[in-house]
Visitor: 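Dropping a structure here in structure tokens format, bear with me for questions.
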Amino acid sequence: MAGLSFCGNNVTKNAYSVDTGMLNNGCFVDALNLVPHVFLLFITFPILFIGWGSQSSKVQIHHNTWLHFPGHNLRWILTFTLLFVHVCEIAEGIMDTNHLHLFMPAFMGFIAATTSVVYYHNIETSNFPKLLLALFIYWVLAFITKSIKLWKFAEYGVGVLHLRFCITALLVVLYGLLMAVEINVIRVRRYVFFANPQKVKPPEDLQDLGVRFLQPFVNLLSKATYWWMNPLIIGAHKRPIELKKIGKLPIAMRALTNYLKLKDAYEDQRNAEDPEKAPSIWRSMYRAFGRPILLSSTFRYLADLLGFAGPLCIYGIVEHLNKKDEQRNVPYFEVYFMSSNELLQNTSVLAVLLFLALVLQRTFLQASYYVTIETGINLRGALLAMIYNKILRLSTSNMSMGEMTLGQINNLVAIETNQLMWFLFLCPNLWAMPVQIVMGVILLYYLLGTSALIGASVIVLLAPVQYLIATKLADTQKSTLDQSTERLKKTTEILKGIKLLKLYAWENIFCDSVEDTRGKELTSLRTFALYTSMSSETHTPSPSTPPCLVRHTHLRPLHLHAFAALALFHILVTPLFLLSTVVRFAVKAMVSLLIPLFPVQVNSGFFTWGSNLSTLSDINICIPTGQLTMIVGQVGCGKSSLLLAMLGEMQTLSGKVYWRLPYKFQLSNRYSVGYATQKSWLLNATVEDNITFGSPFNKQRYKTVIDACSLQPDVDLLPFGDQTEIGERGINLSGGQRQRICVARALYQNTNIVFLDDPFSALDIHLSDHLMQEGILKFLQDDKRTVVLVTHKLQYLIHADWIIAMKDGSVLREGTLKDIQTHDVELYEHWKTLMNRQDQELEKVIFTSFSPTDRLSVTEEEEEEEEDDDNMSTTTSRRSKIPWRVCWQYLSSGGFLMVFLMVFSKLLKHSVMVAIDYWLVCLTPTMCLCGVLLFIILCGAGIALCLITSLTVEFLGLSAATNLHHNLLNKIIHAPIRFFDVTPLGQILNRFSADTNIIDQHIPPTLESLTRSTLLCLSAIGVIAFVTPSFLIALIPLAVSFYFIQKYFRVASKDLQDLDDSTQLPLLCHFSETAEGLTTIRAFRHESRFKQKMLELTDTNNTAYLFLSAANRWLEVRTDYLGAVIVLTAAVASIWSSGKNLPSSMVGLGLTYALTVTNYLNWVVRNLADLEVQMAAVKKVNSFLSTESENYEGSLDTSQVPEDWPQHGEIKIQDLCVRYDPLLKPVLKHVNVYINPGQKVGICGRTGSGKSSLSLAFFNMVDVFEGQIIIDGIDICKLPLQTLRSRLSIILQDPVLFSGSIRFNLDPERTCTDDRLWEALEIAQLKNMVKALSGGLDAVVTEGGENFSVGQRQLFCLARAFVRKSSILIMDEATASIDMATENVLQKVVMTAFADRTVVTIAHLVSSILEAEQVLVFSAGQLVECDSAVNLLAQQDSLFSVLVRTHK
């Protein structure tokens, strides 16, 4: 080596002779090849490192990623190929170390090629095309010099059998192609040789400062390694990733773009000859998104083929490890020309090829994953847009009749579209896996001969078993989903009706119902766990390995083939594992796919809610322009249905609805209508946003509407005024406030027509009067707007310009009040009787407003609004890492025995697996039968332990899930009512839906995968270190690299997963809000605005998911490359140690294990990050488990309470002080009342005066911190809550019905006879209606009782109270939603049916308690007046007199 020189150190061979010509000297030709490389380095280095002067010609854009020049990707591919060929040239030349000229030009060429791509990248991103001329000159010079070398090789007879000739020929081709690419750039950009250079603009996406997802715009190397993600992932460690940091999606990835693409593909299939034939959604998906799937499949095929390089390289290394170099002849140019076979027999070359193959394979694999995920996200966005458009066209009957529920819509949005997305992600596996399996078996046959057929037969036999298991898994998954949906439905009903359940002491009944459903769900989950374990059991290569290898042991030297075969079996594990997964997702994906002069006139209309029976019959009405039309009638007569029929929300059996547009007549189609529903519907947004509802903000108009709806005092009480977020369905507002905001929305909109569906039902008389006077008569009528008002307040009829009276689904009478007085005296007199309970004439009814003194005497204080600390607007983002304590809480919930079994079985399993592979090293053809039997026993133990470990993890997870859900349900259902006032319903439901689903189905497989991957990696590193201890030296920097990669990734992944979750919730809420408010949205004609918001929410969620996917690819590329380095290190260490008498079989064992590290290293980090995020669900559930329960015990034992208590109904209230929470102010202060047995008591006062708080105090639902309530001699605070609440009856203002039957809703305890139930229905005026239903008492009640009107639901609640014949009945504004006629009847029934019982009525209308024996008047939480109604009315200055006067 000391005499090493450029042309070799053997001077006697005339190495420097040029006697026969310079070009005939090989050394000179090689030196000539150095010239282009030196030229490029000399030209480019000053430009790269010093700079090139003025940058004024740069296009100033915010991303330095603009790819300007044509042929960009082709240039990068050719350059990478050039680098690989140079590496081969260096390897070939370095074999003869005496001749520098054989590898020095190649080495310089490698540096020049690397410099060229760096130089090109800087030129391109800086838009300086003229500097590309240097590259053009370089490619020309390199092409010429290599062509001369190739020509001389051909002249001397060096041909394709010689490796150096092939390498030179390849280089000539590559330089020629790169020269062509450069010529094309000159042709397109015209930067030299042309008078007018082409000017280009950056893409629209890169001009938008908001677009931060750069994968489509960066260069090929950054695309492959996700280098552009580095700033985001590393920066996440210092500051949380927020939505503004990830920005917007590129235009091509937005939901609207992909929706139009899918829609066009769908519409193109429509056949003019057969218009009835429905287009195929599958074909549409293929046409719209097929091209990227084919690209992904190509990447996948390349990755799979490169995957087989690993076993083949191991085979080559083991085979040629100890071979000696043979004597070589020197036929040409005084140097040796080797063949390709000779190069591939060098172990060092094989180690480098193994490394490069692994890097390339993992790069192609990650590229395939990314393309499919991006395509899946694009498909999901398109499908969500299609679903949303379909929802906007749903008829109201589809929703009300239960054909389409909110649960189904949420299921479509949250689950089914994701199933299709994941099916698309796994699609390339469908055609890649069979090829992988066939190739694997062919290679095994090549290595093992006929023995491989045994393994192949096992695979073939396992295929139908796997398919069967996959089918069973799909069925079990569907069953689990059904049970989960049913459980969630019951839980939702419990939470919505929790106040009623507590008041009736029905918590345990409904809790048991949920537990029953949960039991069925857990049974399905256990079955699913068993099938999952069996599925994973069929994927282990152990069953097919032993027979092949044992039989093969007696035929060939084992160490040459065993480990290559073992590595091939490890490769086959992946397609076998994915096969069942792909089939399962395919199954899930299949399941987932499916004229008048009036503004409004209805002619001969027959309308229905979905059956052939008409709900509305023979409707012929006209709504006069610019006037106030009122629709009146009893509960269930079809008033609300008539509005919905005019809005097009009901199915039309016959007849027409005409709308007059400003300039033309039109059938059915109409313009925007201001609409306030009977059941208030609010957006999850601020008060201002709910009122303006997308209209431009007009301060004066907004203030007028606020005042007209008496909302200013309520807005002042909110934490942030009208900028306060009012939560799901206005959960932190009272019923009256929700109603008034809905009315304010209808008033604010600049529409010619306004429909108001019973806007007074949740308002007291003062608010009703003010809304009528200021909102309807003044604000709307002054604008000459057409108003249609459904109401039970007959006292307002004198203001109606037109009246429509309805009865039993048809129009009884229509006209002015005077017309009805003239033509239907009986109806008019009936109305007069209802309105004039104090014998006043209808015409003399005077509507008065409060005077300033009245306002002072009756202060308004909303008792529900004391939630200053609980607003949803101030959310804080916490970045605290999930503590290991939460993991321990989860594991301890599963039971210590299961934890021990899991840990022990896992360690034992991996020990046995290592023992099996080590035993292969020891197996020889001469080994006795005992050794073979021991090997087979170890294999059997390994198979058994695979099943046992999988089952222990699954059943540990199930045990934890069972205990956590049981404890959560019991804690929530027994929590005090204040907990439900301050905790949003959606937050509680999330614990039972998303979080429970994570605990049930996500944590166990993640835990299993994490432990398996970690132990596999540790086993592999242990085996490599055992085989080659020197590997441990290289392990230290690798371990440090791995630590920093996982450290940065876990933080970024957690942030991005949080963003994905937090952006998905508003999307789901928007779908739910839209489904619930369909009629309102369509009435206002705001479909386009809601579509736009849906597209924005979808894009936001897709952005977060895309960044999360890119972060996963970022991790996997780096851990894959790290795994490749581990393989290279292990191979080099093995080759280096082979000279120290290391058996080649041990080298094979070490390399085989090194290959497995590449597969499992990234899963360790991924699973660790996933588990960290998933444990947040356990943390959230545990936070609810610390909720303090109500004290159900009491100081008195149940046996001490008489069975018939309360016998008489005597109530003593002594110095009572009540608050909702120890931290809040009292809502009742020092109340003293005595109620005689059987007395009828009325309670009145302004909203927030404490009326409802007193009703809750009777049931010990609030904190009685001073004083006492004594009922029949017993202090109720000493009673067990179950006993107290089960002995009293109450009727609430908001009607609550549960899905099931009418019988279940009246008597969930099933203690009453049918006669008693019919008696209660008769008292509630429902007997005839129920008898007409199919099934009678067993007739179906849909979710929330939506198949009955609001008034009918309230009547069912009245019947429910009558079923429980308690001696004390409390009516909390129970008649708010029923008409006056029905209310009159009910008041009489209460007085007769409960003549001998105590009745406490909290009055919605003061007139309803005028006959009460005792009246309690509350103001600001204090009892200000207590006497009979007659005595209080006699006092002109009494507050009760003021209330009576103002509501008449």
Visitor: Considering residues, nucleotides and ligands other than F84, do more than 12 of their heavy atoms fall under 6.0 Å from its CZ?
Guide: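 For F84, atom CZ is not crowded (no more than 12 foreign heavy atoms under 6.0 Å).
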
Visitor: Is it the case that S368 and S296 place a side-chain donor and acceptor less than 3.5 Å from each other?
Guide: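 Indeed, the side chains of S368 and S296 share at least one donor-acceptor pair under 3.5 Å.
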
Visitor: Before we go on, tell me: are the rings of F1107 and F213 under 6.0 Å apart, centre to centre?
Guide: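 Judged by ring-centre distance (under 6.0 Å), F1107 and F213 do meet the cut-off.
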
Visitor: Just wondering, more than 12 heavy atoms not from Y301 lying within 6.0 Å of its OH?
Guide: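 Correct, the count exceeds 12.
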
Visitor: Does the plane of the ring in Y138 sit parallel, tilted or perpendicular to the ring in Y175? Use 30° and 60° as the thresholds.
Guide: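 Answer is perpendicular, since the angle exceeds 60°.
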
Visitor: Who are the salt bridge (Lys or Arg N to Asp or Glu O under 4.0 Å) partners of K248, not counting sequence neighbours?
Guide: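 Per chain and number, K248 pairs via salt bridge (Lys or Arg N to Asp or Glu O under 4.0 Å) with D208.
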
Visitor: One thing to verify: whether K223 and E374 come together as a salt bridge, which I'm taking to mean a side-chain N less than 4.0 angstrom from a carboxylate O.
Guide: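 Here E374 does not pair with K223 in a salt bridge, since their nearest N and O are not under 4.0 Å apart.
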
Visitor: Under 3.5 Å, is there a donor-acceptor pair between the side chain of S222 and the main chain of W228?
Guide: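 Between the backbone of W228 and the side chain of S222 there is a qualifying donor-acceptor contact (under 3.5 Å).
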
Visitor: Is any side-chain heavy atom of F299 closer than 4.5 Å to a side-chain heavy atom of Y369?
Guide: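 The answer is no; the side chains never approach within 4.5 Å.
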
Visitor: Could you check whether E182 pairs with R75 (Lys NZ or Arg NE/NH1/NH2 to Asp/Glu carboxylate O, under 4.0 Å)?
Guide: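 Judged by the 4.0 Å cut-off on N to carboxylate O distance, E182 and R75 do form a salt bridge.
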
Visitor: Scan side-chain atoms only and decide if N219 and W227 contain a donor-acceptor pair under the 3.5 Å cut-off.
Guide: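 There is no such pair between these side chains.
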
Visitor: Does any donor atom in the side chain of Q366 or Y370 lie under 3.5 Å from an acceptor atom in the other side chain?
Guide: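 Result is no, nothing qualifies.
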
